[in-house]
Amino acid sequence: MLIYRAIFERKSRAINICFFFNALGSGLLMPLTLLYFAGKTLSEKEILYLGTIKFWSFSLAYFFIIPLISRFDSKKTIIFSLLFKLLSLSFLFTGQTFYICGVVMLANGIATSVFSVAAKYYIKATSQNISESFSVRMTLNNTGAAIAPVLITLFVFFSLPFAYALLILTGIFTCGIVFSAGLHSCPGKPESHFYYFHFFDLAGRDTVLISVISIIFAMLYYSFEVIVPLELIQSGNEHLIGPVLLFNTLVIIAGQLPVYRYFTETRGIITSLMIATGLCILLFVPWFSGIAELPGLLLIVLGVTLLEMFYGAGIDTLITSADSPRKIAVLDGISGISLAIGAAMTAAVYSDSVLFLPLVITLYLLVAGILASQKRKGYL
């Protein structure tokens, strides 16, 4: 139990709450569209488009984040991003059409990007062990993301009207913002100059590694977040959505810290991330090969749950280990753009195993080849 003590430490309680509610706010939108709007105000095709908008919106914010990054006050920026997310969620009170949902997704994704960069600065400035700090925060982040669809499922189960459900959600989120005001000020002062994006930012081992792994993660995670619920609904197994999401939540809460710590301490961050990604890809094979439909979907959930334990904390640790604020923002932006590319690719080819699995495996082998080459040269 000592390993979970860091979650409840007084000095880090406020930033932990921020991570939890940031993920909760991001995780509410797709379950709302799937369980409240699907077949009513939104078609299946529109829901798939919304899923890609969610990922693409992450990258749009970096066009102004990178130039202005030196001017950020991390504490104020974190609180602002949560407020902006609350406002975007409240916009659903005005309607639930595709265009309104698209605007909400876009604003929510931009707020998530702003939070992501500011939180990385905050942790780098305040934490002694960056990798362990991200493991703790990713436990809360993944818990918030996993609890969000469970909440929506409960609302639907008890036949709660959408307006009341949204009112409850905004009330819960408001409480989180109130608690976030307890953040300590971040050491250091904002600077006054601008940073600009350069072509050479796209070169380098870290850039390639982060971008390709992020594309793979997005392709696998998008299948879990959007495609698995859609397939369960279409097959008449809607009752399984709640248990599946609950399984994802409980495994992450129980396993994130000990599993991540054990493997990263014994194998290293990059090797652990590659192992988790490889296992996740293998667990996708049965469904996309048509061997087993319902059991195959459940194996997808298991694989993505395992990958979630390593991707967020591992990638964020690699990004935050960069030697300058500008480099952190650039790598974070590249990661966000790569997630959007992966989601768009999956939306286009998810039902075609002839394209999906070979593409994912090819990208994985590309990363493995780069890492093997770097190891032979003595860079790893």
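Keep in mind that this is a model prediction, so the values were computed, not measured.
- Ring planes of Phe115 and Phe19: perpendicular class, angle over 60° (limits at 30 and 60°).
- Across Phe224, Tyr222, Phe217, a single residue satisfies side chain to side chain contact (heavy atoms under 4.5 Å, CB included) together with Val304, and that is Phe224.
- The CD1 atom of Ile147 sits 11.0 Å away from atom CG of Leu154, with the distance rounded to the nearest 0.5 Å.
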Intermediate values then yes/no, ring-ring contact (aromatic ring centres under 6.0 Å, His included), Phe37 and Phe162: CA-CA 9 Å; Phe37 310 151; Phe162 173 72; 5.1 Å; yes

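- The 12-atom threshold is exceeded at CZ of Phe98, counting heavy atoms of other residues, nucleotides or ligands nearer than 6.0 Å.
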Candidate pair Thr207 and Leu331, rule side chain to side chain contact (heavy atoms under 4.5 Å, CB included), full reasoning: CA-CA 7 Å; Thr207 301; Leu331 290 176; 3.8 Å; yes

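- Within 6.0 Å of OH on Tyr49 lie no more than 12 heavy atoms contributed by other residues, nucleotides or ligands.
- Of the candidates Thr170, Val104, Leu169, Val104 is the only one forming a side chain to side chain contact (heavy atoms under 4.5 Å, CB included) with Leu92.
- When the shell of 6.0 Å around CZ of Phe93 is examined, it contains more than 12 heavy atoms from other residues, nucleotides or ligands.
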Evaluation steps, side chain to side chain contact (heavy atoms under 4.5 Å, CB included), between Phe84 and Val114: CA-CA 10 Å; Phe84 191 50; Val114 173; over 6 Å; no

Verdict with supporting geometry, Leu209 and Ile370, side chain to side chain contact (heavy atoms under 4.5 Å, CB included): CA-CA 8 Å; Leu209 178 65; Ile370 292 172; over 6 Å; no

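- Residue Phe263 qualifies as open at atom CZ: its count of foreign heavy atoms under 6.0 Å is 12 or below.
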Test log, rule side chain to side chain contact (heavy atoms under 4.5 Å, CB included), inputs Phe21 and Phe179: CA-CA 10 Å; Phe21 278 96; Phe179 282 112; 5.5 Å; no

